[in-house]
Every structure is written in C-alpha cells, then in structure tokens.
Amino acid sequence: MFGRNLKYLRNKYGMSQLDFAGKLGRKNISTISEWESGKYTPKLIILSKIAHIFNVSIDDLMETDLQNDPLKYPAKDIKTSNIIKNIFKLNESNKKSVESYIEYLLNEQNK
C-alpha cells in the first residue's frame, strides 16, 4: 500500500521523483523508484518526513488506499493543504470570518 500511496501523493502534488528525492535530501531517484514499486519500505524516520511533506498520518500512508479516499485528503497542493489544516485550528467565530471572506473573494473574482 505504501508504494502506491507514495506515487499517488507525489503525482497529486505535482512532484517528479527527482523533486521528491530533493525534498528528502537525496540526490537520486533510485530509492524513490524502489519504494514506489514496493521493493523496499523506508525506515520510520523517513516515513515521518514523507508523512509531513504530504500532510498525512503514517498510518494512512501505510494502510489506507488514499486514491480511493479523496475526501480524507482533498487538497491538490501543499499550500491548499496547509490552509485547510489551519482553518481547522480556528475557533468557530474565526471560521465564520474566514467563510465570509472566502465568499467575498469568490464574488469579486466572478465579477
């Protein structure tokens, strides 16, 4: 499951294997390719970094078919994912303010 999820998330976030390797501090893609093919699974410290990059839990990365659970991780890029994550941290009053502001921006955009 891990290899399939890694490839799915990497593509979802528009990263080549080389881009992703760079984010992990690696210089080549051979290890990434081996992970995605299911040949190997990284150590826990690397799994933690990968989960952080894609804003998913290690459990979901390893055990959930993320391709078939689009509502759980709907963001298409890291910035959107971080925005959604931060909105959940807001209190109810601030969430309503954000919602109102988004509606305002959408109305302005559609003029």
Side-chain angles (χ1 to χ4, degrees):
M1 187 64 61
F2 167 74
R4 183 175 164 178
N5 283 338
L6 177 60
K7 185 173 185 177
Y8 167 72
L9 289 168
R10 184 180 56 73
N11 288 324
K12 180 178 175 181
Y13 284 79
M15 285 185 228
S16 68
Q17 285 184 337
L18 189 58
D19 294 334
F20 182 65
K23 286 193 175 289
L24 292 175
R26 297 176 182 269
K27 296 186 192 244
N28 63 54
I29 63 169
S30 62
T31 303
I32 309 303
S33 179
E34 289 173 339
W35 292 342
E36 288 182 359
S37 72
K39 188 173 183 179
Y40 299 108
T41 301
K43 293 180 181 181
L44 185 58
I45 189 76
I46 301 298
L47 284 173
S48 178
K49 287 180 183 180
I50 293 169
H52 179 75
I53 288 169
F54 294 119
N55 194 31
V56 300
S57 71
I58 294 174
D59 286 344
D60 283 347
L61 189 60
M62 299 300 292
E63 299 174 9
T64 301
D65 184 355
L66 298 178
Q67 286 180 298
N68 292 320
D69 199 356
L71 295 177
K72 189 162 190 175
Y73 297 105
K76 292 185 180 175
D77 58 50
I78 292 173
K79 288 181 184 177
T80 303
S81 178
N82 286 336
I83 290 168
I84 292 168
K85 182 173 66 173
N86 287 330
I87 288 172
F88 282 112
K89 294 178 185 176
L90 296 173
N91 63 35
E92 288 305 311
S93 175
N94 287 335
K95 285 179 185 175
K96 287 179 184 177
S97 296
V98 169
E99 182 181 21
S100 295
Y101 187 62
I102 289 171
E103 288 175 10
Y104 166 78
L105 290 174
L106 288 171
N107 287 332
E108 289 296 310
Q109 178 177 300
N110 293 327
K111 284 185 178 179

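- Annotation: ring pair (Phe, Tyr, Trp, His ring centres under 6.0 Å) contacts involving residues 15-37, sequence neighbours excluded, comprise F20-F54.
- For D19, the side chain to side chain donor-acceptor pair (under 3.5 Å) partners two or more places apart in sequence, or in a different chain, are S16.
- Remark: I58 CD1 to H52 NE2 distance equals 12.0 Å, nearest 0.5 Å.
- Distance check: I87 CD1 to N94 CG gives 11.0 Å after rounding to the nearest 0.5 Å.
- Residues forming a salt bridge (charged side-chain N to carboxylate O under 4.0 Å, His left out) with K96 (at least two apart in sequence, or on another chain): none.
- Note that the CG atom of L66 and the CZ atom of F2 stand 11.0 Å from one another [nearest 0.5 Å].
- With sequence neighbours excluded, no residue satisfies side chain to side chain contact (heavy atoms under 4.5 Å, CB included) with N107.
- Residues that satisfy the side chain to side chain donor-acceptor pair (under 3.5 Å) test with E103, not counting sequence neighbours, are absent from this structure.
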Please list, one pair per line, the donor and acceptor atoms closer than 3.5 Å that link side chains of residues 24-33 to other protein atoms, with sequence neighbours excluded.
residue	atom	partner	partner atom	Å
N28	OD1	S30	N	3.3
N28	OD1	S30	OG	2.9

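- Distance NZ/K23 to CG/L18: 12.0 Å, rounded to 0.5 Å.
- In this structure the side chain of L61 reaches within 4.5 angstrom of the side chain of L9, judged on heavy atoms.
- To the nearest 0.5 Å, the span separating CD1 on I45 from CD1 on I50 amounts to 11.0 Å.
- Scanning for side chain to side chain donor-acceptor pair (under 3.5 Å) contacts around E36 gives R10, Q17, with sequence neighbours left out.
- Residues that satisfy the side chain to side chain contact (heavy atoms under 4.5 Å, CB included) test with N11, not counting sequence neighbours, are K7.
- Of all non-hydrogen atoms in A51 and S57, the two that sit nearest each other are CB-C, 4.2 Å.
- E92 meets the side chain to side chain contact (heavy atoms under 4.5 Å, CB included) test with K95; sequence neighbours excluded.
- One distance of note links OH of Y101 with CG of L106; it measures 11.0 Å at 0.5 Å rounding.
- Annotation: side chain to side chain donor-acceptor pair (under 3.5 Å) contacts involving residues 37-49, sequence neighbours excluded, are absent.
- Distance alone, capped at 3.5 Å, is enough to place a donor-acceptor pair between the N5 side chain and the T64 backbone.
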